[in-house]
Amino acid sequence: MNFGTSRASAIEKLSVFVNQNLFEYSKLRNFDFGPSNRSNISCLSPYITHGIISELELIKIALSKFSFTKNEKFIQEILWRTYWKGWLELRPNVWTDYLDELKKIRNEFKDNANYKNAIEGNTSIECFNEWVNELRNNNYLHNHTRMWFASIWTFTLELPWQLGAEFFIKHLYDGDAAANTLGWRWVAGIQTQGKNYLASEWNIKKFTNNRFSNIKLNENAPTKTSSKIYTASKLEFNNPQNFEEKNLLIFENNLSFEISDFKDQKFKKIFLISNKNENRTIELSEKLMKFKSQLIEDQKKRLEEKLINTEIIDLSEIQNINETSYGLYPTVGENLDYINTNNLKIEFLYRKLDQFSWQYCNKGFFNFKNYIPKIITTFN
Ligand SMILES: Cc1cc2nc3c(=O)[nH]c(=O)nc-3n(C[C@H](O)[C@H](O)[C@H](O)COP(=O)(O)OP(=O)(O)OC[C@H]3O[C@@H](n4cnc5c(N)ncnc54)[C@H](O)[C@@H]3O)c2cc1C
């Protein structure tokens, strides 16, 4: 599997998928045919996570090819991300509590043999071991496989979901605080309270096209529980009425300024912010750090081609800029944590899609789904 590190390579991947494979997406999307045959899904998440391609850009191209009805499943999947992100924005304590729990559990499990065997791909479950290697080597896993993986981790290997979520974030090219934390919580049964996801032998066999057999799993484990209840906070994501000419900070989730809502505004200078491992609670793998830094370099190159004054700096250097800057909102996650902890003064700019869609994220996805046609007509 190959993930290029430029917007050009992302656009190429998008175009191949839309032209050759989108028509069969809803029929085939649940199959994991193995790492050498990924044409049934888009594999665009590493680019969407980093803002190299935007959700709306992708939806627009899909709709130029097929009708809304034909595209419905694909659009729903794209907007799952928007939904998870909004859900977490409304309840940011879910993320901070997760990190606090993780720090404690990490300590308890640092010498645990089951945990070590799991992250080394050394368990008695062949498919699980294969997926561990795939995650480490390819930095990507199919959605269905992420569900099986998280379920086996939590209910058969009986390891804390928090450590599994950390392992994913460490390696996934698309690692994202919202989609990952909430995906793991959903499998464990604490996101939709009392409804866990149990992987089963027949389901894995069928949807891996019989690539695995004799899979011994705990298929009846009780759901995990949590006594914490999170209520949605009030939304306050407002952009300035009048723009002044200031610097703009761009974090790792918005690396295509030229397609952003703010592309026509004038900024003094653009700072692209990289975030090294020392600033993070979850240390990322070397390969993932390299992937991110190449994506940032590519954005710098594209901005310089447009003669925009651009510099790459580390998150910790923001405090050396002697004036308040605008910043494309980094969303709940490690970058925002650093900014808040260090009390950095940034005037955030919010994407129109987020401002509009997040108001529908206070309940479950099935409620959010009702608003998808409204979201699409508002932005297309
Ligand atoms: C335990 C678990 C952890 C996950 N961790 C992450 C993560 O860290 N980062 C991440 O981006 N996704 C995560 N996902 C969601 C999903 O697995 C990936 O977005 C998807 O597999 C990406 O592959 P793709 O681009 O080929 O998807 P496609 O099937 O081609 O879908 C198109 C796009 O829709 C979005 N999408 C699809 N499925 C989901 C979903 N279930 N939730 C949210 N968005 C979705 C993605 O942006 C994706 O690129 C996780 C899911 C689970 C169950």
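When a ligand or atom number is given, it counts from 1 through the structure's own listing order.
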Within 45° cone and under 6.0 Å: Arg146 NZ/CZ vs Tyr140 ring
yes

Considering Ala188, Ser45, Gly175 one by one, which has a heavy atom nearer to atom 22 (C) of ligand 1 than any of the others?
Ser45

Proximity of Tyr360 and Phe368 rings by center, below 6.0 Å
no

For Ile48, the ligand 1 atoms with a heavy-atom partner under 4.0 Å come out as 47 (O), 49 (O)

Hey, does the Lys NZ or Arg CZ of Lys13 hover above the aromatic six-ring of Phe3, less than 6.0 Å from the centre and inside 45° of the axis?
yes

Can Met147 be said to touch ligand 1, with heavy atoms closer than 4.0 Å?
yes

Please tell me whether Phe168 and Phe149 form a close aromatic pair, meaning their ring centres lie under 6.0 Å apart.
yes

Cut-off 3.5 Å, side chains only: do Asp314 and Asn279 have a donor facing an acceptor?
yes

Does Tyr25 come within less than 4.0 Å of ligand 1, judged by its heavy atoms?
yes

Counting from 1 in the order shown, the ligand 1 atoms closer than 4.0 Å to a non-hydrogen atom of Ser42 are 24 (P), 25 (O), 26 (O), 28 (P), 30 (O), 32 (C)

Nearest non-hydrogen protein atom to atom 8 (O) of ligand 1, with distance, is Asp176 N, 3.0 Å

Phe74 neighbourhood, listing ligand 1 atoms whose heavy-atom distance to it stays under 4.0 Å:
32 (C)

Taking every heavy atom of Thr154 against every heavy atom of Trp184, the minimum-distance pair comes out as OG1-CZ3, 4.0 Å

Take Asn139 and Ser285 through the side chain to side chain contact (heavy atoms under 4.5 Å, CB included) test and state the conclusion after the steps.
CA-CA 10 Å; Asn139 307 80; Ser285 73; 4.2 Å; yes

Compute whether any side-chain donor of one residue and acceptor of the other, for Asn362 and Trp87, lie under 3.5 angstrom apart.
no

Could you go step by step and tell me if Glu158 and Asn114 meet the side chain to side chain contact (heavy atoms under 4.5 Å, CB included) rule?
CA-CA 9 Å; Glu158 295 186 329; Asn114 282 345; over 6 Å; no

Any idea which atoms of ligand 1 are less than 4.0 Å away from a heavy-atom of Trp84?
42 (N), 43 (C)

Does ligand 1 have any atom that is closer than 4.0 Å to a heavy atom of Phe17?
no

Test side chain to side chain contact (heavy atoms under 4.5 Å, CB included) on Thr5 and Tyr173 and set out the steps.
CA-CA 11 Å; Thr5 51; Tyr173 278 163; over 6 Å; no

Closest heavy-atom pair and its distance - Lys205, Ser213:
CE-CA, 3.8 Å

Tyr140 and ligand 1 - part of the residue with a heavy-atom distance under 4.0 Å
side chain

For Leu172, counting its heavy atoms only, list the atoms of ligand 1 lying under 4.0 Å from any of them.
8 (O)

Take Arg185 and Tyr98, measure what side chain to side chain contact (heavy atoms under 4.5 Å, CB included) needs, and give me the verdict at the end.
CA-CA 10 Å; Arg185 280 171 52 91; Tyr98 160 65; over 6 Å; no

In terms of residue, atom name and distance, what is the protein heavy atom nearest to atom 12 (N) of ligand 1?
Ala179 CB, 3.5 Å

Under 4.0 Å from one or more heavy atoms of Glu77, ligand 1 contributes atoms 34 (O), 35 (C), 36 (N), 37 (C), 38 (N), 39 (C), 44 (N), 45 (C)

Hey, can you tell me if Phe31 and Phe207 have their rings parallel, tilted or perpendicular (30° and 60° cut-offs)?
tilted

Pick whichever of Ile169, Asn143, Asn30 has a heavy atom sitting closest to atom 41 (N) of ligand 1.
Asn143

I need the nearest protein heavy-atom contact for atom 7 (C) of ligand 1: residue, atom name and distance, please.
Asp174 OD1, 3.5 Å

Which of the atoms of ligand 1 are close to Arg81, meaning less than 4.0 Å from one of its heavy atoms?
10 (C), 11 (O), 43 (C), 44 (N), 46 (C), 47 (O)

Take Lys269 and Glu304 through the salt bridge (charged side-chain N to carboxylate O under 4.0 Å, His left out) test and state the conclusion after the steps.
CA-CA 11 Å; Lys269 183 171 179 179; Glu304 284 173 347; over 6 Å; no

Hey, which of Asn129, Asn117, Thr156 is the one that makes side chain to side chain donor-acceptor pair (under 3.5 Å) with Thr123?
Asn129

Any N or O on His142 sitting closer than 3.5 Å to an N or O of ligand 1?
no

Looking only at distances, can you tell me whether any N or O atom of Trp184, backbone or side chain, sits closer than 3.5 Å to an N or O atom of ligand 1?
no

Quick check on contacts: which atoms of ligand 1 are under 4.0 angstrom from a heavy atom of Thr49?
11 (O)

shortest atom 6 (C) of ligand 1-to-protein heavy-atom contact is with Arg146 NH1, 3.3 Å

Between Trp80 and ligand 1, does any nitrogen or oxygen pair lie at a separation below 3.5 Å?
no

Heavy-atom distances under 4.0 Å are what count here, so tell me which part of Phe149 touches ligand 1: side chain, backbone, both or neither.
neither

Can the ring centroids of Phe17 and Phe74 be said to lie less than 6.0 angstrom from one another?
yes

Polar proximity ligand 1 side, Ile41 side, N/O cut 3.5 Å exclusive:
no

Would you say Cys43 and ligand 1 have an N/O pair spaced under 3.5 Å apart?
yes

of all protein heavy atoms, closest to atom 5 (N) of ligand 1 is Asn180 OD1, 3.2 Å

Going by heavy atoms, is Val187 under 4.0 Å from ligand 1?
no

Short version for Trp186: what comes under 4.0 Å of ligand 1, heavy atoms counted, is neither

